[in-house]
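All of these numbers come straight from a predicted model, not from anything done at the bench.
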Amino acid sequence: MTRQGTAGPAGAAPEADGAARAGGGAGARAPERPPVVELLVHGVGGATHQDMLQDVRTTRVTGDATAGIHRRTDDLEDRAWPEAGDPDGAGPAGREPLREAYCWSQLTSGNGTRALWLLLLPFMLANLAHWMRPAAAAPARAHRRYDLLVRLTALSLTVLLAAGACAVSLDLVAWQCAGSSACASGTGWLDPFAPGGGWWAQPGRRLALAALVPAGLLLLLWWLSRRTWSAYESASPPPRPRADAGEDALLSLPGFWYGRGIVARLRSAHTAAGLLTVAAALLAAGWDRDRGPDGSGPLAAAGLLLAVLTGAGLAVLLAQQSQHGRTEEVMDERPEPALSRALPRYAAAVLVAAAVHAAWSRPEWETVGRYPGAQAFFAVLLLVQGALAVAVGLAALGLHRRTPRGERGALAGLGGACVALMACGLGGVLTGGVAQRVADWLDPTSAPGEPGALIAGPPLVLSWVASGIPLLLAVLLGLAAAGLVTARRRGRRLESGVRAAYPGEDCPAEPERSRRIAGAVALAGLTDEAPALIGWISGACLALGLGAVAGAATGDSPSRAAEGAPAPLAAVADACQGLGSWLMGAAVLLLMATGRRAYRDASARRTTGILWDVGTFWPRAAHPFAPPCYAERAVPDLSWRMATWTRVTGGRLVVSAHSQGSVLAAAAVWQLDAEARERIALLTHGSPLARLYGRWFPAFFGPAALRALHRDVPCWRNLWRATDPIGGPASGPGDEGPCVDRGPLADPVAYGRTDRHPLPEPICGHSDYAADPAFAEERTALLRALVPDWPLAVPRQGLPEGRPRPGENPPPGDPAAPGEFPPPGDPAAPGPAVPAG
């Protein structure tokens, strides 16, 4: 039995009768008139399929509980569009497009324990730097050089993580506190490991046992990476000829969203690097002792051999990094190389041998002071990270100079280098803060390293980094205050023009109403000040690292180094050293609490989730322990649905995508063949395609890529508001051809109380685009462009007199146009009508 309006003659075969069902089989017969479906894709805040479809009775037609396509239970069959005058389709229900919703929020939300991913924020930032290279038509070796430097920076962060874990477990706990009877007795649980405590009292055996902590942390990250690797990086896009892809769109490459190979190779390399770092830390403990007067020749020879094996493993890892580039022209289904698979096993074997070597009986061995070699190691590591970040910047500048002026990104192409610096700075702050906090916990009597303290404390360079946390926080607060002052001043300048943007209303101007609207526009404009913010933060991170290394070179802690300084400077040094560890502990708790709330509360995700979703949108190309890329599941989901549904039914598809959903939709359309693209229209709203992605990722979403998307999908309209801090226009001022943008839309839609809006209208900002009259108009125009002879009535939805009809744009200078605020002349002013498909 067919539903009303479904093209299926009586007596048709069952497979023909089921042709109109959503997701029908390959042998399904297309209806006489093509069905049209509106595919809804939500944004960062997430939404339930019931809310998106405005019906509590919904059914998942394909997908799983993590991400799937849903329809209203009454709309499971694809209805054929009625001919003009067909009485069966004359009603309003027969003229509305079917709607289905793709819900992907569980890919980034769900269980609150996922907030722990926030502790891996430095890894995510390093991975983000890989995708921020300039869009230069440079030789391939220049791009490979940039990618290699970013991968080396990411590898140094794994080494820093392993070394930081060693500084806590091996140095502070096993070497210093357990080696001091006073500290061990005060801690209690360290009594069995204190001098005279038995078999485990020997320093080497304590260290071998403590090495389980950093080794276990690395194995946990390896397991998480492998687990998410099988769930996220294993989804493949629909097959298609490479010739169908737009030549200017790198996201159209068939292997772009299939990262199993690169993640597997990177995971092996980073796991091996971390384990070899722990092995080196164990060998450093007894290096001088075994070669001293109380040492043992065989133990010294064994330590030398293990050191050579450790160094050889690290050398192979560094040499292998040049072979870890992504292969995107085709799906990378190459098996993991034997050497890559062997490296973690080799590193684990070296670590076990180093633990046995450290645990070998040395009865007279005692631990005094700080861990041998730790100070020099951390100082060198921070300098290497700074040098790598500078090298990334130089490589980016070389690419930036080769980029046409209109295609250049933010910060003169230095966005990737600045983000890499921020990753290193944040990694150093987390390491130094946690180490200082643990030292304060182990010895609460006085500051570690000060006279009378029970333990010497962490390496001096980490103490200096921790002491820089209050200064870094002061910089952040100063930047935030400057941003708010700038927004306040801009809001005051805009107040006078607010009422003039609503000339069709008779209500008088209300200062408070104008102030709120102008303030919303001014605050939304702070997004465009992000390059300056990122530049200042990255500069502060570089200064913090260099200052920590220089301060540690004095051989004193910050407070002792400032003893002879003027009283105000000495007071600041004492306060910074005392506050650093406490601020770090509070920052970790605040970060986890914020992340947990963002995962559970949709409103919190709307305000804090955009940066996280931008970071996890990109595949793991530089760091395998970064949070998983949800787009490697979501983009193939969408592209498979678009390709199979249009092919099976012969229907037309309007993809209505909000916020981050518009980025997913654009990436999915790029993965389709030319035939499927001709049957698809895009309606994006609140989209960060150009405002965020185009500026920070110009090689993938820059003006050239968006022009290619418009050529591939000529039926595309983009809605935006001046009050939206995330979305913006998608066309650049120099773009040729029809403009895809309509906006800025009036927000609120009415200034005061009118006959059509008797109650005050809210300022929507980034939300509720579908409630704006322009949304229904542009969707109608797109449907007409896809199906020109479709007899669709034009919804009026209470438009003010003089507003354009669907497919039209307000004439220049039209006083009723919603683009009058901000003033006309905005480079993204509304463009011409929707082009014909």
Item to check | Minimum side-chain heavy-atom gap His42-Ser105 below 4.5 Å | outcome: yes
Next on the checklist: Applying salt bridge (charged side-chain N to carboxylate O under 4.0 Å, His left out) to Arg99 and Asp75, what does each step give before you reach the verdict?
Outcome noted: CA-CA 8 Å; Arg99 305 174 79 201; Asp75 290 338; over 6 Å; no
Item to check | Side chain proximity check, Leu719 to Leu745, heavy atoms < 4.5 angstrom | outcome: yes
Item to check | CD1-CG distance between Ile69 and Leu40, expressed to the nearest 0.5 angstrom | outcome: 9.5 Å
Next on the checklist: Once ring pair (Phe, Tyr, Trp, His ring centres under 6.0 Å) is applied, do any residues pair with Tyr751, and if so which ones, sequence neighbours excluded?
Outcome noted: Tyr502
Item to check | Closest approach of Ala667 to Leu251 (non-hydrogen atoms, all atoms of both residues) | outcome: CB-CD2, 3.9 Å
Checklist entry - If you round to the nearest 0.5 Å, how far is OG1 of Thr616 from CD of Gln660? => result 7.5 Å
Next on the checklist: Whether the side chain of Thr73 engages the backbone of Arg57 through a donor-acceptor N/O pair (distance < 3.5 Å, no angle test) should be reported.
Outcome noted: yes
Next on the checklist: Once side chain to side chain donor-acceptor pair (under 3.5 Å) is applied, do any residues pair with Asp768, and if so which ones, sequence neighbours excluded?
Outcome noted: none
Checklist outcome for this item: Closest non-hydrogen atoms of Ala668 and Leu638, given as atom of the first, atom of the second and distance, are CB-CB, 3.6 Å
Checklist entry - Just checking, is any N or O donor in the side chain of His49 or Thr58 under 3.5 Å from an acceptor N or O on the other one? => result yes
Next on the checklist: Go through it in stages, so that I can follow the logic: the residues are Arg679 and Trp645, the test is side-chain contact (heavy atoms from CB on, under 4.5 Å), and I'd like the CA-CA distance, side-chain angles, deciding distance and then a yes or no.
Outcome noted: CA-CA 10 Å; Arg679 300 175 178 180; Trp645 186 86; over 6 Å; no
Item to check | For Trp257 against Ala631, the heavy-atom pair lying closest together | outcome: CZ3-CB, 3.5 Å
Checklist entry - Between Glu505 and Arg756, is there a salt bridge with N-O shorter than 4.0 Å? => result no
Item to check | Straight-line distance of Asp712 CG to Arg677 CZ, nearest 0.5 Å | outcome: 4.0 Å
Next on the checklist: If the threshold is 4.0 Å, N to carboxylate O, is there a salt bridge linking Asp528 and Arg695?
Outcome noted: yes
Item to check | Donor-acceptor pair, side chain of Ser659 and main chain of Gly661, under 3.5 angstrom | outcome: no
Next on the checklist: Using modelled atom types and a 3.5 Å cut-off, is there a donor and acceptor pairing between side-chain atoms of Trp104 and backbone atoms of Leu664?
Outcome noted: no
Checklist outcome for this item: To the nearest 0.5 Å, atom OG1 of Thr48 lies from atom NE2 of His70 at 9.5 Å
Checklist entry - Thr649 and Asp78: side-chain donor and acceptor closer than 3.5 Å? => result no
Item to check | Partner set under side chain to side chain contact (heavy atoms under 4.5 Å, CB included) for Asp64, not counting sequence neighbours | outcome: Thr66, Arg633
Item to check | Partners meeting salt bridge (charged side-chain N to carboxylate O under 4.0 Å, His left out) with Arg408 (sequence neighbours left out) | outcome: none
Checklist entry - Should the pair Trp618 and Phe697 be assigned to parallel (<30°), tilted (30 to 60°) or perpendicular (>60°) ring geometry? => result tilted
Item to check | CG-CG distance between Asp724 and Asp747, expressed to the nearest 0.5 angstrom | outcome: 8.5 Å
Next on the checklist: For a quick test of reading the model, state the closest non-hydrogen atom pair linking Trp131 to Ala621 and the distance between them.
Outcome noted: CZ2-CB, 3.5 Å
Item to check | Residues Glu678, Arg652; criterion salt bridge (charged side-chain N to carboxylate O under 4.0 Å, His left out); working and verdict | outcome: CA-CA 9 Å; Glu678 292 176 354; Arg652 304 296 186 264; over 6 Å; no
Next on the checklist: For a side-chain contact (heavy atoms from CB on, under 4.5 Å) check, start with the C-alpha distance between Leu128 and Trp696, then their side-chain angles and the critical distance, and finish with the verdict.
Outcome noted: CA-CA 10 Å; Leu128 203 62; Trp696 295 103; over 6 Å; no
Next on the checklist: Can you give me the closest heavy-atom contact between Thr403 and Ala135, atom names plus distance?
Outcome noted: CG2-O, 3.2 Å
Checklist entry - Per the salt bridge (charged side-chain N to carboxylate O under 4.0 Å, His left out) rule, which among Arg641, Arg60, Arg72 passes with Glu100? => result Arg641
Next on the checklist: Apply side chain to side chain donor-acceptor pair (under 3.5 Å) to residues Ser662 and Thr684 and explain how you reach the verdict.
Outcome noted: CA-CA 6 Å; Ser662 66; Thr684 55; 5.7 Å; no
Checklist entry - What residues, two or more places apart in sequence or in another chain, satisfy ring pair (Phe, Tyr, Trp, His ring centres under 6.0 Å) together with His658? => result His685, His766, Tyr769
Next on the checklist: With a 4.5 Å cut-off on side-chain heavy atoms, are Phe256 and Trp670 touching?
Outcome noted: no
Item to check | Test item: Thr527 side-chain N/O and Pro725 main-chain N/O as donor-acceptor pair under 3.5 Å | outcome: yes
Next on the checklist: Assess the residue pair Phe775 and Ser656 against the criterion (side-chain contact (heavy atoms from CB on, under 4.5 Å)); give the C-alpha distance rounded to whole Å, side-chain angles, the decisive distance to 0.1 Å, and a yes or no.
Outcome noted: CA-CA 10 Å; Phe775 181 90; Ser656 174; 3.2 Å; yes
Item to check | Spacing of His710 atom NE2 and Cys715 atom SG [to the nearest 0.5 Å] | outcome: 8.5 Å
Checklist outcome for this item: Those residues at least two apart in sequence (or on a different chain) that pass side chain to side chain contact (heavy atoms under 4.5 Å, CB included) with Ala665 are Val655, Ala657, Leu682
Next on the checklist: Evaluate Ile680 against Leu672 for side-chain contact (heavy atoms from CB on, under 4.5 Å), listing each step before the verdict.
Outcome noted: CA-CA 10 Å; Ile680 291 175; Leu672 302 177; 3.2 Å; yes
Next on the checklist: Test salt bridge (charged side-chain N to carboxylate O under 4.0 Å, His left out) on Asp741 and Arg717; report intermediate values, then the result.
Outcome noted: CA-CA 6 Å; Asp741 294 307; Arg717 290 295 268 169; over 6 Å; no
Item to check | Heavy-atom closest pair, residues Arg691 and Gly525 | outcome: NH2-CA, 4.0 Å
